[in-house]
Amino acid sequence: MCPYCNRSFIYTTPKKGTRPQYDHYYPKSKYPYLALSMYNLIAYCPVCNNAKNAEDTFDNKSLLYPFEEEYGYDIFFEIETDEQLCYLGLSNDFNIKIKSKNVEEDLKQKVQNSSKILHIEELYNLHNDYVSKLLRSKYIFTDEYCQSLLDTYPDWFFDMNEVKNQLYFNSLQKEEWGEQILSKLTYDILNSE
């Protein structure tokens, strides 16, 4: 999964040469001694790689470094709207924004820069239909409903997390966000107020 947008798989296939694009976090033109360092090579999707281009992340400290930094729980996706029907999933007239709380200023700035340089909010706003369906499902699949599935099918589900992963066809646990497309967005929308 692309470590920046979480929207594209970056698998390598043995035949036909399908693979992610590798980019130097610190540009090799300015830092040739880091050109072959595995810690400097980041597997990106083509969209993020093209947007990043030759951004000097060392001098500008402009992007998150995916080997050490992450969005986590304190940086999250949220919808902004004046229309109440959006919160019920009955309208997709909203904007998806990246918000933060309790985050150090340096990390907050890197998140804002990453979003701006890589067009993260713009890309995520292409998924308003998906978010509307999530919001609708959030009200249909109540905790009581999920518990009834857990009680009815004890051999299929070990806990409530597995029930929700199945209902939303996604991995909602933080340690699995990198395994499914839009998993961080899905988690944030389902856990929003």
Side-chain angles (χ1 to χ4, degrees), residues 1-13 18 20 43-45 47-48 64 66-104 107-108 111 114-115 118 120-193:
M1 192 63 48
C2 178
Y4 282 107
C5 70
N6 190 235
R7 296 175 59 247
S8 300
F9 290 110
I10 54 172
Y11 295 131
T12 299
T13 58
T18 303
Y44 290 95
C45 71
V47 173
C48 289
L64 292 171
F67 290 126
E68 293 179 358
E69 300 166 314
E70 64 180 9
Y71 277 33
Y73 294 113
D74 295 330
I75 300 166
F76 50 92
F77 293 97
E78 186 175 87
I79 66 168
E80 285 187 350
T81 184
D82 293 330
E83 191 176 329
Q84 291 294 11
L85 291 176
C86 293
Y87 294 104
L88 299 174
L90 300 174
S91 170
N92 62 0
D93 185 24
F94 56 81
N95 288 311
I96 299 170
K97 297 287 187 183
I98 298 174
K99 304 285 184 156
S100 62
K101 63 178 180 183
N102 307 322
V103 177
E104 293 180 17
L107 180 59
K108 187 176 183 177
V111 168
S114 295
S115 178
L118 303 174
I120 301 295
E121 286 182 354
E122 186 179 338
L123 290 169
Y124 269 73
N125 276 291
L126 298 173
H127 299 288
N128 283 17
D129 288 344
Y130 174 76
V131 171
S132 289
K133 289 174 185 171
L134 277 178
L135 290 166
R136 189 175 319 137
S137 295
K138 177 180 174 178
Y139 289 100
I140 294 170
F141 303 139
T142 63
D143 285 342
E144 292 79 16
Y145 177 77
C146 292
Q147 185 61 49
S148 72
L149 289 175
L150 184 61
D151 295 341
T152 305
Y153 302 103
D155 295 335
W156 290 7
F157 304 113
F158 294 111
D159 59 20
M160 190 72 83
N161 289 330
E162 284 194 1
V163 173
K164 290 184 178 184
N165 286 348
Q166 180 66 42
L167 285 173
Y168 298 108
F169 297 103
N170 219 314
S171 298
L172 301 177
Q173 291 69 43
K174 182 180 177 188
E175 59 275 3
E176 297 173 357
W177 287 347
E179 297 175 16
Q180 294 290 322
I181 292 174
L182 302 176
S183 55
K184 171 71 169 132
L185 173 69
T186 303
Y187 173 85
D188 290 344
I189 295 301
L190 292 176
N191 288 288
S192 63
E193 302 296 313

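Predicted, not measured: the structure shown is a model, and the values here were computed from it.
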Here the pair of heavy atoms bringing Met1 nearest to Arg7 is SD-N, 4.3 Å
Atom CH2 in Trp156, atom CD in Gln166: separation rounded to 0.5 Å? 8.5 Å
What do the steps show when you test Glu80 against Lys99 for salt bridge (charged side-chain N to carboxylate O under 4.0 Å, His left out), and what is the final call? CA-CA 11 Å; Glu80 285 187 350; Lys99 304 285 184 156; 2.5 Å; yes
Roughly how far apart are Arg136 CZ and Phe141 CZ, rounded to 0.5 Å? 11.0 Å
Once rounded to the nearest 0.5 Å, what's the spacing between atom CG of Leu123 and atom OH of Tyr4? 14.5 Å
For the residue pair Tyr139 and Leu135, what are the closest heavy atoms and their distance? CD1-O, 3.1 Å
Any donor-acceptor N/O pair, Ser192 side chain to Ile189 backbone, under 3.5 Å: yes
Leu64 and Leu107: CA distance, side-chain angles, deciding distance, side-chain contact (heavy atoms from CB on, under 4.5 Å) verdict: CA-CA 8 Å; Leu64 292 171; Leu107 180 59; 3.3 Å; yes
Test log, rule ring pair (Phe, Tyr, Trp, His ring centres under 6.0 Å), inputs Tyr73 and Tyr187: CA-CA 10 Å; Tyr73 294 113; Tyr187 173 85; 5.7 Å; yes
Quick check: does any side chain N or O of Ser115 sit under 3.5 Å from a backbone N or O of Val111, one acting as donor and the other as acceptor? no
Report yes or no: does Tyr124 contribute a side-chain atom to a donor-acceptor pair with the main-chain N or O of Cys5 at less than 3.5 Å? yes
Answer with yes or no whether the side chains of Asp74 and Ser100 bring together a donor and an acceptor at under 3.5 Å. no
With the threshold set at 4.0 Å, does a side-chain nitrogen-carboxylate oxygen contact exist between Asp143 and Lys164? yes
Determine whether Asn6 and Ile181 satisfy the following criterion, side-chain contact (heavy atoms from CB on, under 4.5 Å), listing intermediate values before the conclusion. CA-CA 6 Å; Asn6 190 235; Ile181 292 174; over 6 Å; no
Enter the distance from Leu167:CG to Tyr145:OH here, rounded to the nearest 0.5 Å. 6.0 Å
Between Ser183 and Trp177 (side chain of the first, backbone of the second, donor and acceptor by atom type, cut-off under 3.5 Å), is there such a pair? yes
Phe9 meets the ring pair (Phe, Tyr, Trp, His ring centres under 6.0 Å) criterion, sequence neighbours left out, with Tyr11
Out of curiosity, Leu90 CG to Glu83 CD, how far, rounded to the nearest 0.5 Å? 9.0 Å
Exercise: identify the closest heavy-atom pair between Ile75 and Glu70: CD1-O, 4.1 Å
Shortest non-hydrogen contact from Phe158 toward Leu150: C-CD1, 4.1 Å
Any side-chain heavy-atom pair of Ile96 and Glu121 under 4.5 Å: no
Tightest non-hydrogen contact, residues Ile10 and Cys45, listed as CG2-N, 3.8 Å
Sub-4.5 Å side-chain heavy-atom contact between Glu176 and Asn165: yes
If you count every heavy atom of other residues, nucleotides or ligands that lies below 6.0 Å from Lys108 atom NZ, does the total exceed 12? no
Tell me if a side-chain donor or acceptor on Asn170 pairs with a main-chain N or O of Leu172 at a distance below 3.5 Å. no
Given Ser171 and Glu179, is the side chain to side chain donor-acceptor pair (under 3.5 Å) satisfied, shown in steps? CA-CA 7 Å; Ser171 298; Glu179 297 175 16; 4.6 Å; no
Any chance CG of Asp151 has more than 12 other-residue heavy atoms, nucleotides or ligands included, within less than 6.0 Å? yes
Step-by-step ring pair (Phe, Tyr, Trp, His ring centres under 6.0 Å) determination, Phe76 to Tyr71: CA-CA 7 Å; Phe76 50 92; Tyr71 277 33; over 10 Å; no
Tyr130 and Thr186: CA distance, side-chain angles, deciding distance, side chain to side chain donor-acceptor pair (under 3.5 Å) verdict: CA-CA 9 Å; Tyr130 174 76; Thr186 303; 2.5 Å; yes
Whether Asp129 side chain and Asn92 backbone form a donor-acceptor pair below 3.5 Å: no
Roughly how far apart are Leu190 CG and Leu134 CG, rounded to 0.5 Å? 5.0 Å
Nearest heavy atoms of Leu118 and Cys48, plus distance in Å: CD2-O, 3.4 Å
Salt bridge (charged side-chain N to carboxylate O under 4.0 Å, His left out) between Asp188 and Lys184, intermediate numbers included: CA-CA 6 Å; Asp188 290 344; Lys184 171 71 169 132; 2.9 Å; yes
